[in-house]
Amino acid sequence: MKLARTLLALAAAAALTTTAAALPATGTAAAATTAPPRIAAGLDCTTWIHNNDPLYGGVDCANSTGGPVTVHADIVCGLAPDVTGNSVTIQPGQVGESSGHCAFYSTGIGHIGWTVE
């Protein structure tokens, strides 16, 4: 499934740089318009919350683009201030992780996303 998402993202990137006459008669162009705006084509990210510490979480991203990509985790911490994870530059073919910890008085992690810088 991870490979299928990566291939779909690469196909969407190719569709954006190709003329309309050269597009295959598949749903590739539609997939490109439905992708969330913070996801770069060829970047496959998975969010997580630590098993033993529910206030610690992050995002792991695999870079299958043609160049380096810098990302950071965006962690929503309930009633405590939200946390921005460390910026990580991921080289092509590599995996990187950005993580953060909510304050001790947080009601817990409500959402984890990521931003491509």
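Please read these numbers as outputs of a predicted model, since none were measured by experiment.
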*Asks:* Using modelled atom types and a 3.5 Å cut-off, is there a donor and acceptor pairing between side-chain atoms of Ser64 and backbone atoms of Gly42?
*Replies:* yes
*Asks:* Hey, mind stepping through Thr46 and Asp60 against side chain to side chain donor-acceptor pair (under 3.5 Å) and telling me if it holds?
*Replies:* CA-CA 5 Å; Thr46 304; Asp60 295 333; over 6 Å; no
*Asks:* Is there a continuous path of hydrophobic side-chain contacts, each under 4.5 Å between heavy atoms, that joins Leu79 to Val76?
*Replies:*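 No, because Leu79 and Val76 fall into different hydrophobic clusters, even though each may have its own neighbours under 4.5 Å.
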*Asks:* Going from OG on Ser98 to CH2 on Trp114, what distance comes out if it is rounded to the nearest 0.5 angstrom?
*Replies:*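 If I round to the nearest 0.5 Å, the distance is 12.0 Å.
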*Asks:* Sequence neighbours excluded, which residues qualify as side-chain hydrogen bond (donor to acceptor under 3.5 Å, both in side chains) partners of His101?
*Replies:*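 side-chain hydrogen bond (donor to acceptor under 3.5 Å, both in side chains) check on His101 returns Asp53.
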*Asks:* Can Val69 be reached from Val88 by stepping across I, L, V, M, F, W or Y side chains whose heavy atoms are under 4.5 Å apart?
*Replies:* yes
*Asks:* Output every pair passing disulfide bond (SG atoms under 2.5 Å apart) with a member in residues 62-117, not counting sequence neighbours, ordered by first then second residue.
*Replies:*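 Every pair satisfying disulfide bond (SG atoms under 2.5 Å apart) with a residue in residues 62-117: Cys77-Cys102.
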*Asks:* So Val71 and Leu43, do their side chains get closer than 4.5 Å, heavy atoms only?
*Replies:*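 Yes, side chains in contact.
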*Asks:* So, for Ile75 and Gly57, which heavy atoms are closest and what is the spacing to 0.1 Å?
*Replies:* CD1-O, 3.4 Å
*Asks:* On a heavy-atom basis, which atom in Pro68 and which in Pro92 lie closest, and how many Å separate them?
*Replies:*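 Shortest heavy-atom contact: N-CD, 3.9 Å.
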*Asks:* Within the side chain of Asn86, is there an N or O that forms a donor-acceptor pair under 3.5 Å with the backbone of Ser99?
*Replies:* yes
*Asks:* CD/Glu97 to CD1/Ile90 distance, rounded to the nearest 0.5 angstrom?
*Replies:*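 Spacing of CD (Glu97) from CD1 (Ile90) equals 10.0 Å.
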*Asks:* Is there a side-chain contact between Thr115 and His72, using heavy atoms and a 4.5 Å cut-off?
*Replies:* yes
*Asks:* For Ile49, which residues count as a side-chain contact (heavy atoms from CB on, under 4.5 Å) partner, sequence neighbours excluded?
*Replies:*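 side-chain contact (heavy atoms from CB on, under 4.5 Å) list for Ile49, sorted by chain: Ile109, Ile112.
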*Asks:* Can Ser87 and Thr70 be said to form a side chain to side chain donor-acceptor pair (under 3.5 Å), step by step?
*Replies:* CA-CA 7 Å; Ser87 292; Thr70 302; over 6 Å; no
*Asks:* So, for Cys45 and Val59, which heavy atoms are closest and what is the spacing to 0.1 Å?
*Replies:* CB-CG2, 3.7 Å
